[in-house]
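A short write-up of the structure that comes next.
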Amino acid sequence: MSEDARNSIYLWVGALTCFGLFWAALHFDLLVGVPNEWLWPFVGIIVAINMLQTVWGFWKRRASSPDNPNRNGS
């Protein structure tokens, strides 16, 4: 299986999992007791982690590119 196919599967599974957890939280009122002072920083942390993972992935892809002039090799 190619890396792109594996990443696509991970993306779909992750997106469906997040959607399912969000739906369950709304449907079963799981977040009623969570104060707003906790909710938005938690969401911000998740967004920051996602952005860091995206930048790291772009960095790794750029570093492994054969067109990268800084890459060591022939």
Worksheet entry | Spatial distance of atom OG (Ser65) from atom NZ (Lys60) [nearest 0.5 Å] | 14.5 Å
Practice prompt. Mark yes when over 12 heavy atoms from residues, nucleotides or ligands other than Phe42 sit less than 6.0 Å from its CZ; otherwise mark no.
Written response: no
Worksheet item: In Å, rounded to the nearest 0.5 Å, how long is the span from CD1 of Ile49 to OG1 of Thr54?
Response: 11.5 Å
Item to complete: Indicate yes or no: at least one non-hydrogen side-chain atom of Asn7 is less than 4.5 angstrom from one of Leu11.
Response: no
Practice prompt. Kindly compute the distance separating SG (Cys18) from CG (Asn50), expressed to the nearest 0.5 Å.
Written response: 9.0 Å
Worksheet item: Same cluster for Trp40 and Leu31 if Ile/Leu/Val/Met/Phe/Trp/Tyr side chains link at under 4.5 Å?
Response: no
